[in-house]
Trainee: 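First the structure, which I've put down as C-alpha cells, then a few questions once you've had a look.
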Amino acid sequence: MKVLITGATGNVGLALLRALVDQPSIEVVAGVRDVDKDKAQFDELKHLECRHFDFGREATFDAALHGIDLVFLLRPPPIADIPRFFAPLIQKIKHSGITKVVLLSVQGAERSNIIPHRKIEKLILAHELEYIFLRPSYFMENLTTTLLPEIKALRTITLPSRNAQFNWVSVQDIGAIAANLMVHFETHKNQALVISGNENLSFDEVVQRLNRLTGARIRYKSVNPLRYYYLKRREGQPRDKVMVMLVLHFLPVLQGPPKISDRFQTIMQRKPILLEQFIADNQRHFLR
Ligand SMILES: NC(=O)c1ccc[n+]([C@@H]2O[C@H](COP(=O)([O-])OP(=O)(O)OC[C@H]3O[C@@H](n4cnc5c(N)ncnc54)[C@H](OP(=O)(O)O)[C@@H]3O)[C@@H](O)[C@H]2O)c1
C-alpha cells in the first residue's frame, strides 16, 4: 500500500516516518513544502520519495496524490480556516479514487463543532471515505517545542491552567500507533480512537517531576486567561496562536480530568511511554 504522509517534517510526521521504516507492506511518500531543503535537512527523508505538497496550493494536490492508496492527514497548527484549506483537498482525495484516510485529530474533538479537527472529521465523513480518526491527548513534546522558548529564557512555564490535569502522551507513541493502524487499516477502519498516556498530571506536578529528575529549577506560573492573552501578545506572538494556546490550556480547567484510554496498550501490546522516561531522554533541553 502506498501512503502519502502530510506534515512529514513535523513532530508527528517524523515519528511516523521512523515507525514506518519497519513496515515492509507500506510504501511511503512524504508530502513536503520544499523537497530539496527538507530532504537535505532530515535524515529520515533522504531515501524516501518526497513530493511537493502544500495545503495552501491546490496545484500541488494532483501530483502528490497520484497512485496513493491512503493519506495521513494532519492540520498544521497555523491552519484554522478548514473550509478553505481542507474542503478542496478532501474533494480531490475523493475524486482521485483514494478511499482511505488516517486523520490526526485531538482528544475531545467530538465535544465541539468549532474545533478545526472536528470540522475536518465531518468533511471526511461527508465524503464517505474510510477513515481512522486518531485523537491523541496532550503531547509531552510540547515541553520541548512550544513551551521551550520560555523555559530557556525565563525558567518558567506560564499558562492559564491552574491545577488542571492534562493527559500526557508521547509523539513517539503516536507515530508508532499511526504506523500500526495503517498496516492494519481494515481492522480499525471507521473508528475514532482516543490515544492517551497512562498519566494525568497538572503542570505543577510535571514541573516538580522535571526539577527532581534533571536538577533544573523551572517554575510553573498560572495566570488568568486575560493576563495570559496580554502577556503573550506583548511578547509579539500572533493573535491566532495565542488564542489556540489559551483555549488548549484553559479548557481543561473547566472540563475536569481527561479520560485515560487503553487503546494504545490494546493495539500496541505495550504500555505507553511515561513522562519520567520522556524527561530522562530529553533532559538536555531543560538544563541551562
Ligand atoms: N500539541 C498537542 O498537545 C497536540 C495534541 C493532540 C493533537 N495535536 C494536533 O497535532 C497537530 C500538530 O502536529 P505536529 O505537532 O506534528 O505539528 P508540527 O510539528 O507543527 O508540524 C506541522 C507540519 O505541517 C507542515 N505544514 C505547515 N504548513 C503547511 C502547508 N501549508 N502545507 C503543507 N504542509 C504544511 C509543516 O511543514 P514545514 O516543515 O514545511 O513547516 C510540518 O511538517 C495539530 O493539528 C494539533 O492540533 C496536538
Side-chain angles (χ1 to χ4, degrees), residues 4-19 29-42 44-45 48 50-61 63-65 71-82 84-86 88-89 102-112 114-121 133-148 159 161 164 166-175 177-178 192-197 201 203 206 240-241 243-245 247-249 251-252 258 261 264 272 275 278:
L4 175 72
I5 312 293
T6 65
T9 57
N11 298 315
V12 175
L14 283 176
L16 176 55
L17 291 183
R18 284 181 196 126
V29 176
V32 295
R33 283 198 280 187
D34 187 332
V35 172
D36 294 335
K37 183 173 123 291
D38 292 334
K39 259 198 163 193
Q41 208 171 332
F42 296 101
E44 284 83 356
L45 300 182
L48 287 182
C50 287
R51 294 184 186 171
H52 184 204
F53 173 80
D54 190 326
F55 284 97
R57 297 181 59 193
E58 280 186 59
T60 64
F61 295 174
L65 294 172
V71 182
F72 174 80
L73 267 186
L74 60 63
R75 177 198 69 95
I79 293 184
D81 187 344
I82 300 309
R84 179 173 153 219
F85 287 92
F86 278 83
L89 175 61
V102 175
L103 171 72
L104 180 69
S105 182
V106 66
Q107 185 176 24
E110 74 286 359
R111 278 186 270 169
S112 161
I114 58 163
I115 290 185
H117 307 76
R118 184 61 188 149
K119 294 184 186 166
I120 307 173
E121 289 182 1
F133 299 152
L134 265 188
R135 293 185 177 152
S137 56
Y138 191 82
F139 294 167
M140 294 175 190
E141 281 74 1
N142 292 332
L143 293 168
T144 51
T145 54
T146 343
L147 303 174
L148 193 62
L159 290 169
S161 305
F166 289 74
N167 179 275
W168 297 77
V169 72
S170 157
V171 162
Q172 215 177 304
D173 281 342
I174 301 303
I177 195 163
L193 306 177
V194 172
I195 309 301
S196 74
L201 297 168
F203 270 93
V206 168
D240 283 356
K241 184 178 171 202
M243 284 310 292
V244 169
M245 287 289 285
V247 171
L248 185 68
H249 292 95
L251 271 187
S261 154
F264 182 87
L275 189 73
F278 174 81

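Sequence positions, counted from 1, serve as the residue numbers for this chain. Note that ligands are numbered from 1 as they come in the structure, with each ligand's atoms numbered from 1 the same way. Remember, predicted model here, so these are calculated numbers, not experimental data.
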Trainee: Would you say H117 contacts ligand 1, with heavy atoms under 4.0 Å as the rule?
Mentor: yes
Trainee: Are any non-hydrogen side-chain atoms of F85 and R75 less than 4.5 angstrom apart?
Mentor: no
Trainee: Show the atoms of ligand 1 that are less than 4.0 angstrom away from any heavy atom in F53.
Mentor: 33 (C)
Trainee: Between V171 and ligand 1, which residue portion shows a heavy-atom distance shorter than 4.0 Å: side chain, backbone, both, or neither?
Mentor: neither
Trainee: Between S105 and R135, is there a donor-acceptor pair closer than 3.5 Å when you use the side chain of the first and the backbone of the second?
Mentor: no
Trainee: Does any N or O atom in G10 lie less than 3.5 angstrom from one in ligand 1, N or O only?
Mentor: yes
Trainee: Any side-chain heavy atom of L65 sitting closer than 4.5 Å to one from V71?
Mentor: yes
Trainee: I need the atoms of ligand 1 closer than 4.0 Å to a non-hydrogen atom of Y138, numbered in the order shown.
Mentor: 3 (O)
Trainee: Using a 4.0 Å heavy-atom cut-off, say whether N142 meets ligand 1 through its side chain, its backbone, both or neither.
Mentor: side chain
Trainee: By number and element, which atoms of ligand 1 are closer than 4.0 Å to a non-hydrogen atom of L104?
Mentor: 10 (O), 11 (C), 13 (O)
Trainee: What atoms in ligand 1 come closer than 4.0 Å to a heavy atom of T9?
Mentor: 36 (C), 37 (O), 38 (P), 39 (O), 42 (C), 43 (O)
Trainee: What part of S105 sits under 4.0 Å from ligand 1 if we count only heavy atoms: the side chain, the backbone, both or neither?
Mentor: backbone
Trainee: Within the 4.0 Å heavy-atom shell around V12, which atoms of ligand 1 are there?
Mentor: 16 (O)
Trainee: Any atoms of ligand 1 less than 4.0 Å from a non-hydrogen atom of P76? List them with their elements.
Mentor: 24 (O), 26 (N), 27 (C), 28 (N), 29 (C), 35 (C)
Trainee: Assess whether side chain to side chain contact (heavy atoms under 4.5 Å, CB included) is satisfied between L89 and L73, documenting all intermediate values.
Mentor: CA-CA 10 Å; L89 175 61; L73 267 186; 3.6 Å; yes
Trainee: Should G31 be listed as contacting ligand 1, given a heavy-atom distance under 4.0 Å as the test?
Mentor: no
Trainee: With side chains defined as the heavy atoms from C-beta onward, is the minimum distance between L148 and N142 less than 4.5 Å?
Mentor: no
Trainee: Does I79, backbone or side chain, put an N or O under 3.5 Å from an N or O of ligand 1?
Mentor: no
Trainee: Report the member of P77, G175, A109 with the shortest heavy-atom distance to atom 22 (C) of ligand 1.
Mentor: P77
Trainee: Could you go through the ring pair (Phe, Tyr, Trp, His ring centres under 6.0 Å) check for H249 and Y138 one step at a time?
Mentor: CA-CA 10 Å; H249 292 95; Y138 191 82; 5.3 Å; yes
Trainee: For E121, does the CD atom sit with more than 12 other heavy atoms under 6.0 Å from it, leaving out its own atoms?
Mentor: yes
Trainee: Heavy-atom pairs closer than 4.0 Å: do any link ligand 1 to the side chain of P78, the backbone, both, or neither?
Mentor: neither
Trainee: Should F139 be counted as touching ligand 1, given the test is an N or O pair under 3.5 Å?
Mentor: yes
Trainee: Could an N or O of ligand 1 be found under 3.5 Å from any N or O of N11, whether backbone or side chain?
Mentor: yes
Trainee: Under 4.0 Å from any heavy atom of D54, which atoms of ligand 1 are there?
Mentor: 30 (C), 31 (N), 32 (N), 33 (C)
Trainee: I'd like to check whether G7 has a polar contact with ligand 1, where a contact means an N/O of the residue lying under 3.5 Å from an N/O of the ligand.
Mentor: yes
Trainee: Would you say the side chain of L134 lies within less than 4.5 Å of the side chain of L103, judging by non-hydrogen atoms?
Mentor: no
Trainee: Which protein non-hydrogen atom lies closest to atom 44 (C) of ligand 1, naming both residue and atom, and how far is it?
Mentor: R75 O, 3.2 Å
Trainee: Just by distance, do the side chain of K241 and the backbone of P77 share a donor-acceptor pair under 3.5 Å?
Mentor: no
Trainee: Identify, by atom number and element, the atoms of ligand 1 in contact range of V106, meaning under 4.0 Å from any of its heavy atoms.
Mentor: 6 (C), 7 (C)
